[in-house]
Amino acid sequence: MRFSLCLTSNQVPSPLMALGSCSLMWFRKGLRIHDNPALEYAAKSSDFVYPVFVIDPHYMKPDPNAFSPGSSLAGLNRIRFLIESLVDLDSNLKKLGSRLLVLKGEPGEILIRCLEQWNVKKLCFEYDTEPYYQAIDVRVKDYACSAGIEVFSPVSHTLFNPADIIQKNGGKPPLSYQSFLKVAGQPSWASSPLSTSLSSLPPVGAYGNCEISEVPSVKELGYEDNGQDELTPFRGGESEALKRLRDSLSDGEWVANFEKPKGDPSAFLKPATTVLSPYLKFGCLSSRYFYQCLQDLYKNVKKHTSPPVSLAGQLLWRDFFYTMAFGTPNFDQMKGNRICKQIPWNSNEELLAAWREARTGYPWIDAIMVQLQKWGWMHHLARHCVACFLTRGDLFVHWEKGRDVFGRLLIDSDWAINNGNWLWLSCSSFFYQYNRIYSPISFGKKYDPNGKFVRHFLPILKDMPKEYIYEPWTAPLNIQAKAKCIVGKDYPRPVVLHDSASKECKRRLAEAYALNKELNGLVSEEDLHSLRRKLEEDQNHDIKAKRQRQKLIG
DNA sequence: CTCGTGTTGGCAAG
DNA sequence: CTTGCCAACACGAG
């Protein structure tokens with residue numbers, strides 16, 4: 001376990017010190033009691049513990065200009081999930097004789113003010129590898145060190161410490177999952193049981209004139225009841241996370257035989273996966289505890305699946321992306337990203353909006369996008385389908401645009417994993433077989449030939465016969481009329497033709513790959529610009545040639 | 001340099 | 001339900 005310790009004890013003794021030693025536990029992710037080393041350390045030999053959560057306006061303040069209800073960064077479903085998680089955390093802290101102190105403002109600034117006012121001796125918080133927190137944490141740590149406050153910042157959000165893996169691999173993160181597994185080995189903590197219970201916590205100290213509040217409601221944060229008919233069915237919080245974990249683990253056979261690629265993306269009444277990702281994202285569930293439970297279960301069965309497809313393999317994917325993201329400058333963009341292929345994506349706002357607003361005209365794609373808006377969660381393969389469609393499969397829109405939409409609307413959206421998967425799906429990194437394109441028609445049909453998933457999330461198509469539900473534009477007009485869904489009026493026509501669009505995408509990627517190879521990855525903005533022009537010229541030439549051919553035939 | 005491998009494509013044939 | 005083919009890539013081990 002890594003932590004930084006600063007004991008430059010030049011602090012002037014204050015009269016308050018006689019009251020006993022105080023610790024501050026700063027919650028950000030890690031919204032849990034179980035397996036929380038920072039909380040445990042804060043509680044150890046302290047007379048008072050201040051459990052603090054700072055409401056960051058950057059993340060929580062309503063933004064009326066955003067394309068969906070929520071803040072500028074997070075949709076309402078995820079904000080609600082976070083609030084529920086905080087309410088649960090507060091209630092669990094109360095059971096231990098403590099409570100959650102909620103403050104509002106820029107987190108670094110607020111934290112420093114708390115440290116100043118409360119005579120804190122130990123500052124404890126879970127280490128966070130995201131750039132946003134890295135910047136805040138440097139500032140807070142600097143202050144704490146200069147004030148002689150001990151800082152304890154353990155890595156407990158992931159199975160491994162990304163920095164350890166990078167070091168073991170010679171300074172660079174392992175670029176493939178298999179090499180990651182080899183370098184990572186077994187987690188250091190896995191040999192002994194994790195500490196998962198706390199019997200009590202020291203009381204909260206006096207907090208003077210700091211503005212403390214209870215966990216606010218979504219309404220108190222300034223969000224109107226938007227009257228949306230269907231909200232996410234997933235409730236936030238550690239209690240819910242542990243319940244869901246126990247439910248999943250209770251079917252040992254299911255866990256032992258779990259194979260990620262074999263799940264049914266159209267299952268929504270009973271999803272084909274655990275739906276523990278949002279709880280892992282906020283740390284309501286410890287990934288280490290989950291991993292340990294899985295190892296215990298595997299020990300007691302005859303045979304079980306293995307990484308990458310097993311359930312434990314999914315946690316390792318999470319660590320893989322965390323490590324890649326931590327060790328790759330500009331991981332969240334194409335420019336200046338060492339591992340990202342430079343591709344002349346377009347920034348067609350109309351195509352992007354059609355995708356985002358579930359009106360591409362492909363019911364399978366649109367239904368998934370509605371599920372994203374309403375639930376903030378979709379099956380992994382459903383995410384693949386829409387991400388592929390937006391980028392390398394059909395629309396050739398920049399993956400960063402899709403990343404932003406997912407980043408906002410998913411309740412489990414996680415900076416490292418979201419960016420990693422968009423790099424993957426767009427064939428920008430990790431995965432390069434751009435000929436393998438998910439069909440927006442046949443992929444969904446394979447799992448759900450009757451279109452139950454489409455009918456649920458796109459009720460306008462609920463009476464469309466199953467023969468046409470994945471391609472309603474092919475239905476004869478009388479059938480469209482009978483189904484009360486005229487394509488072009490009640491439901492949009494396809495924004496592109498999949499056959500020709502996907503062929504064009506493949507051609508563009510082939511050209512872009514060749515350019516990346518030729519320039520050894522050092523593709524400048526001008527290079528991309530001229531490639532874009534060349535591709536357009538070729539396309540126009542193709543179209544003209546086709547017209548000529550048609551003229552000759554006609 | 002070659003060769004094997006890579007979490008999850010689509011399609012047709014057997 | 002399984003197999004082979006499509007057309008083809010990057011990466012890393014040797």
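Hydrogens, waters and symmetry mates play no part in the numbers below; they use all other heavy atoms, side chains included. In what follows, chains are A, B, ... by sequence order, proteins preceding strands, each numbered from 1.
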Anything under 4.0 Å to a heavy atom of chain A counts; send over the first and last such nucleotide of DNA chain C, read 5' to 3'. dA8(C) to dG12(C)
State the CH2-CZ distance between W189(A) and R288(A), to the nearest 0.5 angstrom. 6.5 Å
When all nucleic acid strands are considered with a 4.0 Å heavy-atom cut-off, which category describes [X]: base, sugar-phosphate, or nothing?
X: K517(A); result: sugar-phosphate
X: F430(A); result: nothing
X: Q178(A); result: sugar-phosphate

For DNA chain C, which residues of residues 434-447 of chain A approach it to below 4.0 angstrom with any heavy atom? Y434(A), N435(A)
Which of parallel (below 30°), tilted (30 to 60°) and perpendicular (above 60°) describes F443(A) and W364(A)? tilted
Students often mix this up, so state it plainly: with edges at 30° and 60°, are the rings of W424(A) and F431(A) parallel, tilted or perpendicular? parallel
Near-ring test W422(A)/F430(A), centroid separation under 6.0 angstrom: no
Ring center gap for F389(A) and W355(A) short of 6.0 angstrom: no
What residues from residues 379-391 of chain A pass a heavy-atom cutoff of under 4.0 Å to DNA chain B? H380(A), H384(A)
Less than 3.5 Å apart, any donor N or O on the side chain of H384(A) or Y438(A) sitting next to an acceptor on the other? yes
For Y177(A) and dT7(B), is the gap between ring centres under 5.5 Å while the planes differ by less than 30°? no
Side-chain donor/acceptor pairs under 3.5 Å, residues 303-310 of chain A, sequence neighbours excluded:
unit_1  : atom_1 : unit_2  : atom_2 : d
T305(A) : OG1    : A256(A) : O      : 3.3
T305(A) : OG1    : F258(A) : O      : 2.7
S310(A) : OG     : G313(A) : N      : 3.0

How would you list, by chain and number, every residue that makes a side-chain hydrogen bond (donor to acceptor under 3.5 Å, both in side chains) with S266(A), sequence neighbours excluded? D264(A)
Mind pulling the stems DNA chain B is in, i.e. runs of at least three Watson-Crick or G-U pairs, everything under 3.5 Å? B:1-6 with C:9-14, B:9-14 with C:1-6
